[in-house]
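We use all heavy atoms of the structure for the numbers below, so side chains are in, but hydrogens, waters and symmetry mates are not. Naming: A, B, ... by sequence-line order, numbering from 1 per chain.
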Number of protein chains: 2
Amino acid sequence: MINSDPILIIDDEVQIRRLLEITLSANGYKISEATTGKEGLTLAATGHPALIILDLGLPDADGLEIIKKLREWYQKPIIILSVRNSEDDIIKALDNGANDYLTKPFRTGELLARIRVAIRQSQVAPDEPILEFGSISIDLTNHTARRKNELIKLTSTEFALLALLAKNEGRVLTHQYILKEVWGMGYTEQTQYLRVFVAQLRKKIEDNPARPKLLNTESGIGYRFGY
Amino acid sequence: MINSDPILIIDDEVQIRRLLEITLSANGYKISEATTGKEGLTLAATGHPALIILDLGLPDADGLEIIKKLREWYQKPIIILSVRNSEDDIIKALDNGANDYLTKPFRTGELLARIRVAIRQSQVAPDEPILEFGSISIDLTNHTARRKNELIKLTSTEFALLALLAKNEGRVLTHQYILKEVWGMGYTEQTQYLRVFVAQLRKKIEDNPARPKLLNTESGIGYRFGY
DNA sequence: TCCGCCTTTTTACTGTCTTTTAAATATATT
DNA sequence: AATATATTTAAAAGACAGTAAAAAGGCGGA
């Protein structure tokens with residue numbers, strides 16, 4: 001997920017909390033909840049949330065005061081949800097450190113988009129998932145593979161083959177399956193293509209291509225990556 | 001003065017422009033104005049505005065496309081003003097790079113508060129606007145590129161292409177993706193444009209254009225900058 | 001508005017890299 | 001040992017990329 005830190009919801013209305021719970025967790029966010037200002041401040045301090053959604057109309061505290069208290073140390077985004085729609089309330093909340101202000105009832109899709117905006121601004125680009133196998137690393141999103149940090153020059157077919165095998169580390173993939181995935185369903189009989197490309201790949205990724213350690217042959221069946 | 005760079009207003013309605021002129025300058029902001037998308041893009045590039053206020057319903061261009069075009073190089077806040085109030089419009093604008101979205105008619109005090117929020121944030125998180133690659137440096141805010149401190153003369157398309165690749169250093173970008181980002185979604189088949197512009201760029205940025213070190217070809221896939 | 005300049009698009013050609021095919025050699029399985 | 005399966009190499013075919021230059025389009029200045 002984008003961020004493993006939770007979104008902290010501070011709201012006394014149980015319906016709103018339920019709605020946010022469902023919407024946010026359905027979109028892959030972790031959540032933590034508080035029903036009072038006091039509890040909210042404690043949870044903000046202990047749970048280091050990635051973002052705080054704050055209801056201005058809490059029974060036990062003034063919303064503005066909570067924003068100010070949070071902003072003494074909390075740098076990440078604060079989004080206000082409030083029934084109050086007066087310009088004065090909005091301006092005061094924003095000027096005291098809130099990042100955004102939505103009035104209830106709000107549209108969940110819009111809230112999600114505004115959360116994305118806030119998080120986008122507060123965080124640096126997340127690292128890409130990279131598959132590692134000894135001295136070989138394969139970056140699927142960047143379409144690059146490295147060997148001891150040196151870029152390996154691979155053709156698109158070679159990369160597709162390597163990626164398929166690497167994604168299925170330890171599994172035996174049959175010739176037919178590999179051919180179907182890499183070349184397409186019309187090529188399941190062209191085992192020879194596979195042999196040629198396996199040889200090319202081994203030259204590029206193996207220390208000793210004649211004694212492969214990564215790209216292993218399962219005679220009569222297919223190939224297996226790793227293990 | 002909060003910031004000596006102006007706020008750029010892109011709106012075709014003269015009443016809105018007058019209103020914003022008065023409100024913003026009364027609050028100490030400098031302003032510059034454009035009445036069309038085209039003019040807006042030019043002024044954004046030449047005037048390095050501290051913030052852009054953009055009307056989505058311009059007569060000469062699709063608002064979303066303008067946001068995308070701006071976001072190819074413009075890092076500072078973009079606030080949308082629009083008569084459209086549908087959730088879909090709001091989400092699309094925000095997800096394509098807008099920082100905030102207000103529907104017309106808007107309250108000037110709220111707009112000012114949201115401008116303060118946006119500027120506050122853009123000062124906290126100043127993205128490094130100058131990318132460096134060996135003897136090449138690319139200044140995204142000023143739309144300029146240098147080679148050994150000599151200014152390189154680039155057309156706007158050339159710059160957009162270079163900026164896109166440079167921002168994605170080390171990643172392989174597909175032909176389709178590059179074409180979509182630089183030319184627009186109707187051009188994903190025009191790989192020849194790309195070849196011509198890549199050749200032009202290489203002449204300008206590479207020591208030896210025939211043996212590129214920065215702008216690398218990934219045959220059958222696309223191009224990769226650096227690494 | 002027209003002219004000239006600059007940028008983008010189009011065209012035609014050449015060169016390079018990738019995939020396919022083929023054939024000879026090696027290894028595994030029974 | 002015989003047979004099937006796999007590896008390796010290299011050349012042929014095909015796909016893809018680079019280049020140059022002309023045509024078209026857009027823009028600003030006279």
Taking the basic N atoms (NZ, or NE/NH1/NH2) and the acidic carboxylate oxygens, is any pair closer than 4.0 Å for [X] and [Y]?
X        : Y        : result
B:Asp95  : A:Arg116 : yes
A:Arg114 : A:Asp100 : yes
A:Lys204 : A:Glu158 : yes

Within 6.0 Å of CZ in A:Arg211, more than 12 heavy atoms from elsewhere: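 It does not: A:Arg211 CZ has 12 such atoms or fewer within range.
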So which heavy atom on [X] is nearest to which on [Y], and how close?
X        : Y        : result
B:Tyr74  : B:Ala50  : OH-C, 3.5 Å
A:Ile130 : A:Ser137 : CG2-CB, 3.9 Å
B:Asp55  : B:Leu58  : O-CG, 3.5 Å

Going by atom type alone, with no hydrogens or angles, which donor-acceptor pairs under 3.5 Å involve a side-chain atom of residues 183-196 of chain A and a protein atom two or more places apart or on another chain?
{"residue": "A:Thr191", "atom": "OG1", "partner": "A:Glu189", "partner atom": "O", "Å": "3.4"}

Of B:Gln192 and B:Lys38, the one whose closest DNA chain D nucleotide lies more 5':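 Of the two residues, B:Gln192 wins.
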Secondary-structure string, 5' to 3', Watson-Crick or G-U under 3.5 Å, | for another-strand partners, for DNA chain C: ||||||||||||||||||||||||||||||
Rounded interatomic separation in angstrom, taking NZ from B:Lys204 and P from C:dT7: 7 Å
Distance, rounded to the nearest Å, where A:Arg195 contributes CZ and C:dA24 contributes C1':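 The answer, rounded to whole Å, is 14 Å.
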Residue from B:Leu165, B:Asn216, B:Leu173 passing side chain to side chain contact (heavy atoms under 4.5 Å, CB included) with B:Phe225: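 Going through B:Leu165, B:Asn216, B:Leu173 one by one, the side chain to side chain contact (heavy atoms under 4.5 Å, CB included) with B:Phe225 is satisfied by B:Leu165 alone.
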Under the salt bridge (Lys or Arg N to Asp or Glu O under 4.0 Å) test, residues paired with B:Asp207 that sit two or more places apart: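 Result, salt bridge (Lys or Arg N to Asp or Glu O under 4.0 Å) vs B:Asp207: B:Arg147, B:Lys148.
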Set of salt bridge (Lys or Arg N to Asp or Glu O under 4.0 Å) partners for A:Arg71, sequence neighbours left out: none
Outermost nucleotides of DNA chain D that come under 4.0 Å of a non-hydrogen atom of chain A: D:dT5 to D:dT9
Strand-adjacent residues in residues 173-190 of chain A, judged by heavy atoms under 4.0 Å from DNA chain D: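 Residues of residues 173-190 of chain A that come under 4.0 Å of DNA chain D are, in numerical order, A:His175.
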Near-strand residues of residues 213-227 of chain B, defined as heavy-atom separation under 4.0 angstrom from DNA chain D: B:Thr217, B:Ser219, B:Gly220, B:Tyr223
By ring pair (Phe, Tyr, Trp, His ring centres under 6.0 Å) - contacts of B:Tyr223 (at least two apart):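 Listed in chain order: B:His175.
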Which residues share a side chain to side chain contact (heavy atoms under 4.5 Å, CB included) with A:Asn142, sequence neighbours left out: A:Glu128, A:Asp139, A:Thr144, B:Arg171
Min side-chain heavy-atom separation B:Leu214-B:Glu206 under 4.5 Å: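 The answer is yes, as the side chains (C-beta and beyond) meet within the 4.5 Å cut-off.
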Touch class at under 4.0 angstrom, heavy-atom based, for B:Val196 against every strand present: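 Since a base atom lies under 4.0 Å of B:Val196, the category is base.
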Any side-chain donor near an acceptor of the partner, B:Ser25 and B:Glu21, under 3.5 Å: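 Looking only at side-chain atoms, B:Glu21 and B:Ser25 do not form any donor-acceptor pair under 3.5 Å.
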Side chains of B:Arg202 and B:Thr217, donor plus acceptor under 3.5 Å: yes
Residue closer to the 5' end of DNA chain C, B:Lys153 versus B:Tyr193 (nearest nucleotide): B:Lys153
Derivation of the salt bridge (charged side-chain N to carboxylate O under 4.0 Å, His left out) call for B:Glu181 and B:Lys68: CA-CA 8 Å; B:Glu181 293 297 314; B:Lys68 283 190 207 165; over 6 Å; no
Pairs flagged by salt bridge (charged side-chain N to carboxylate O under 4.0 Å, His left out) wherever residues 214-227 of chain A is involved - sequence neighbours left out: A:Glu218-A:Arg224
Can you tabulate the close N/O pairs, meaning under 3.5 Å, that link protein atoms to atoms of nucleotides 14-16 of chain C?
none

Strand contacts (DNA chain C) in residues 154-169 of chain B, 4.0 angstrom heavy-atom criterion: B:Thr155, B:Ser156, B:Thr157
